[in-house]
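One structure is given here, and the rest of the page talks about it.
Only this structure's heavy atoms are used, side chains among them; waters, hydrogens and symmetry mates stay out. All figures in this text were calculated on a predicted structure; none of them were measured in a lab. Throughout, protein chains are lettered first and strands after them, A, B, ... in sequence-line order, and every chain is numbered starting at 1.
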2 protein chains.
Amino acid sequence: MDESTELLAVRVAELYYEENKTQDEVGALLGITRWKVGRLLTRAREAGIVRIEIVHPRARRLDIERQLRDRFGLKDAVVVPLPAEDEEVSPRVAQAAADYLAAVRPIPRTLGVSWGRTLDEVARLLADGWTIGVQVVQINGGVSLNSKQGTAAQTAVTIAQKGHGQATLLPIPAILEQVETKRAIERDRTVASVRALGASASAYLYSAGVAGASSVHVDSGYLTESDVDELVAKGAVGDVVGRYIDSAGKIVDSALDERTVGIGLDELRAAEHAIFVVAGDAKHDVARAVVTSGLCSVIVTDEATAHALLEETT
Amino acid sequence: MDESTELLAVRVAELYYEENKTQDEVGALLGITRWKVGRLLTRAREAGIVRIEIVHPRARRLDIERQLRDRFGLKDAVVVPLPAEDEEVSPRVAQAAADYLAAVRPIPRTLGVSWGRTLDEVARLLADGWTIGVQVVQINGGVSLNSKQGTAAQTAVTIAQKGHGQATLLPIPAILEQVETKRAIERDRTVASVRALGASASAYLYSAGVAGASSVHVDSGYLTESDVDELVAKGAVGDVVGRYIDSAGKIVDSALDERTVGIGLDELRAAEHAIFVVAGDAKHDVARAVVTSGLCSVIVTDEATAHALLEETT
DNA sequence: CCACCTGCTGCTCATCTGAGCAAGTGGCCC
DNA sequence: GGGCCACTTGCTCAGATGAGCAGCAGGTGG
């Protein structure tokens with residue numbers, strides 16, 4: 001587009017978009033036909049002279065969502081735009097996840113949930129009465145060795161309450177010290193029934209943790225910093241429902257995995273709705289592992305993470 | 001607008017503006033009628049959820065221009081939007097002035113010009129061949145006591161050259177020390193004919209200076225800093241074609257004014273096209289004085305200045 | 001010099017869209 | 001409960017708009 005055309009396009013755009021004139025009027029005013037006006041407007045939009053943007057905390061990036069679905073064969077994707085500089089993305093992603101959950105059809109009767117800061121936020125932002133009667137089941141062991149007792153339970157309970165349903169908890173450690181203990185616990189009738197309920201869920205909602213010193217597992221005392229360092233050395237990028245995976249989505253340490261209580265990754269892969277919520281720059285690697293290895297059918301994330309996932313040279 | 005409607009409006013806007021669907025399609029997708037879609041879009045635009053902006057260095061703010069015209073009874077106004085943080089406004093305003101000048105109809109055969117940094121920039125940005133054959137006349141005395149010799153002349157010459165015409169200069173001091181000298185000079189046949197030519201111009205192009213230590217008159221040695229301080233004490237806000245005015249557009253010091261060579265303010269007020277170019281936060285006060293006292297028929301300025309002019313409680 | 005291609009222009013026509021209107025809905029006061 | 005008012009909803013219809021097409025100008029290579 002040469003300079004005079006561009007200038008004309010600017011004038012046309014101003015009269016059309018800012019002065020709310022019809023294309024015909026604009027044409028008359030500038031001495032050109034209305035078809036030319038229409039074409040200039042199209043060009044102006046394409047050239048980015050006219051920028052139309054949707055400014056809203058609940059807005060989404062449908063174009064990127066489509067790319068994610070296509071590239072990774074997802075059933076669905078939700079991408080939240082980057083907020084203004086001084087705002088956090090995580091509440092927006094959590095809100096989007098809450099919105100998505102409330103809109104899942106058919107309405108899930110049984111919902112398997114993991115726990116963590118992200119899911120906590122989702123629970124908090126979920127609309128009261130988001131559904132009528134839901135069975136919420138914890139799908140992996142909770143935080144309980146030291147502080148923060150009960151936050152894992154709180155997440156599930158909040159989601160259940162707001163959905164006018166009830167929560168079934170799995171109040172046992174996330175990781176046990178001995179395989180035998182883990183097996184023994186799983187044989188327990190109560191625990192087994194919770195596990196069975198979890199396995200039968202029609203939808204799962206979970207997030208991921210980053211493998212590093214700040215991991216929740218270190219915080220809660222299930223693993224030491226050196227345990228995590230070792231996992232990282234073996235290629236771990238993060239954990240999903242308590243299980244550490246490498247960039248290919250494979251279990252990093254099968255012995256550790258044997259001692260981890262809760263749903264297995266294959267169950268997640270087979271699930272109809274496996275809703276994966278992930279936000280923040282630190283989690284790009286785990287997110288990539290989850291998405292490329294088919295661990296989720298739906299991803300809810302922010303624009304930066306989505307870009308990171310798509311930017312890979314495939 | 002309640003929250004759920006707002007959320008719906010956001011979804012509608014996304015599908016309509018970002019996915020380029022028709023209102024009918026959007027309606028079908030969200031299970032609402034196309035009329036509702038249309039109304040939601042209107043509301044979304046009004047509420048600022050959908051923001052349409054024109055991003056271009058040559059863009060203008062037509063809404064503000066109209067307000068300026070209406071408020072101050074101007075024949076026309078050109079307002080340039082605020083550029084991105086790291087860019088200057090003055091080149092944009094100068095460009096706009098150049099564009100405006102080239103578009104004045106009927107084409108001015110004789111153009112009276114003042115001088116200064118702003119007008120220099122306008123001359124530089126003027127398109128080559130902006131008109132065919134124009135008589136450019138300097139309307140006030142030039143800078144010449146010390147450095148910068150010839151910049152005033154340069155402005156007029158450039159404008160003339162680019163318009164395939166010729167410049168008539170007024171190569172005498174802007175302010176003389178004695179009224180007698182000034183009168184003597186004006187009686188000179190050559191000078192008188194230039195003044196006459198200037199008075200017959202069909203259009204004038206000029207800017208304004210701020211009354212202060214950094215004034216061009218101090219720089220060029222016509223006035224001392226204390227002279228200017230005194231003018232300020234008497235209420236001067238700035239100068240137009242070398243003449244210092246107060247906030248009401250009145251001459252501040254008639255003795256000084258008597259010693260100033262060039263077009264009179266009343267001639268400007270009576271002119272058909274008196275194009276006033278002004279940019280920058282420092283010039284808000286002079287701009288207000290010029291505009292409220294009818295010194296110009298057209299103003300070319302930036303959005304910040306325009307806002308400052310309109311914000312007054314009248 | 002001419003056939004050919006490319007990009008622009010103005011047009012027709014089908015579709016899309018907004019203004020305005022009548023009917024419906026829900027809150028609110030008596 | 002009845003009636004009033006503000007607001008929303010679905011509709012008609014005219015006007016606005018985009019897709020597609022033929023004609024034309026200007027450049028290009030044989």
Side-chain angles (χ1 to χ4, degrees), chain A residues 1-56 58-60 62-63 66 99 102-103 105 127-130 132, chain B residues 1-56 58-60 62-63 66 99 102-103 127-129 132:
Chain A
M1 184 150 46
D2 69 355
E3 192 184 307
S4 63
T5 321
E6 193 170 315
L7 201 48
L8 191 59
V10 171
R11 296 283 97 88
V12 164
E14 284 168 347
L15 291 168
Y16 186 75
Y17 285 111
E18 297 188 340
E19 301 288 287
N20 293 315
K21 300 194 181 304
T22 71
Q23 297 188 0
D24 227 355
E25 287 173 310
V26 175
L29 227 50
L30 299 178
I32 53 183
T33 62
R34 72 182 186 79
W35 297 282
K36 186 155 182 173
V37 171
R39 280 188 263 257
L40 282 171
L41 284 172
T42 309
R43 289 228 246 163
R45 280 188 300 260
E46 281 167 359
I49 293 173
V50 172
R51 187 178 301 165
I52 301 181
E53 82 191 297
I54 295 167
V55 191
H56 196 279
R58 307 279 268 268
R60 286 166 53 179
L62 304 179
D63 50 335
R66 183 173 32 244
D99 289 351
R105 291 292 177 282
D128 222 333
W130 66 275
I132 346 168
Chain B
M1 182 151 48
D2 69 356
E3 191 184 307
S4 64
T5 322
E6 192 169 315
L7 200 49
L8 191 58
V10 172
R11 295 285 99 87
V12 164
E14 286 167 346
L15 292 167
Y16 186 75
Y17 285 112
E18 296 188 340
E19 301 287 287
N20 292 315
K21 301 196 180 302
T22 72
Q23 298 189 0
D24 227 354
E25 286 174 310
V26 175
L29 227 49
L30 299 178
I32 53 182
T33 63
R34 71 182 187 77
W35 298 283
K36 186 155 182 175
V37 171
R39 280 189 264 255
L40 283 170
L41 285 173
T42 309
R43 288 227 245 164
R45 279 187 301 259
E46 281 166 357
I49 293 174
V50 172
R51 187 178 302 165
I52 300 182
E53 79 189 304
I54 295 168
V55 191
H56 196 279
R58 305 279 268 269
R60 287 165 53 180
L62 305 180
D63 49 336
R66 184 176 28 246
D99 290 350
D128 221 333
I132 346 167

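Nucleotides of DNA chain D nearest to B/Ile32 and A/Gly38 differ in position, and the one nearer the 5' end is that of B/Ile32.
A/Glu25 places none of its side-chain heavy atoms less than 4.5 Å from the side chain of A/Leu15.
Contact of B/Trp35 with D/dT8 (side chain to base): no donor-acceptor pair of N or O atoms is detected under 3.5 Å.
Applying the 4.0 Å criterion to OP1 and OP2 of C/dG18, one finds that B/Gln23 has a side-chain N or O inside that range. When the side-chain nitrogen and oxygen atoms of B/Thr33 are compared with OP1 and OP2 of D/dT9, none of them lie within a distance under 4.0 Å. Using a 4.0 Å cut-off, some side-chain N or O of B/Tyr16 falls inside it from OP1 or OP2 of C/dT17.
Atom CZ in B/Arg39 sits about 11 Å away from atom P in C/dG18, given to the nearest Å. For the pair B/Lys36 NZ and C/dT17 P, the computed distance is 18 Å after rounding to whole Å. Summarising the geometry, the separation between CG on A/Leu40 and P on C/dC8 is reported as 11 Å, rounded to the nearest angstrom. Atom CZ in B/Arg34 sits about 10 Å away from atom C1' in D/dT12, given to the nearest Å.
A salt bridge links A/Arg58 with B/Glu3: the closest approach of a Lys/Arg side-chain nitrogen to an acidic carboxylate oxygen falls below 4.0 angstrom. With salt bridges taken as basic N to acidic carboxylate O contacts below 4.0 Å, one links B/Arg11 and B/Glu14.
The side chain of A/Thr22 sits closest to D/dA16 out of C/dC13, D/dA16, C/dT9.
In this model, no donor atom of one side chain and acceptor atom of the other lie less than 3.5 Å apart for B/Arg45 and A/Tyr17.
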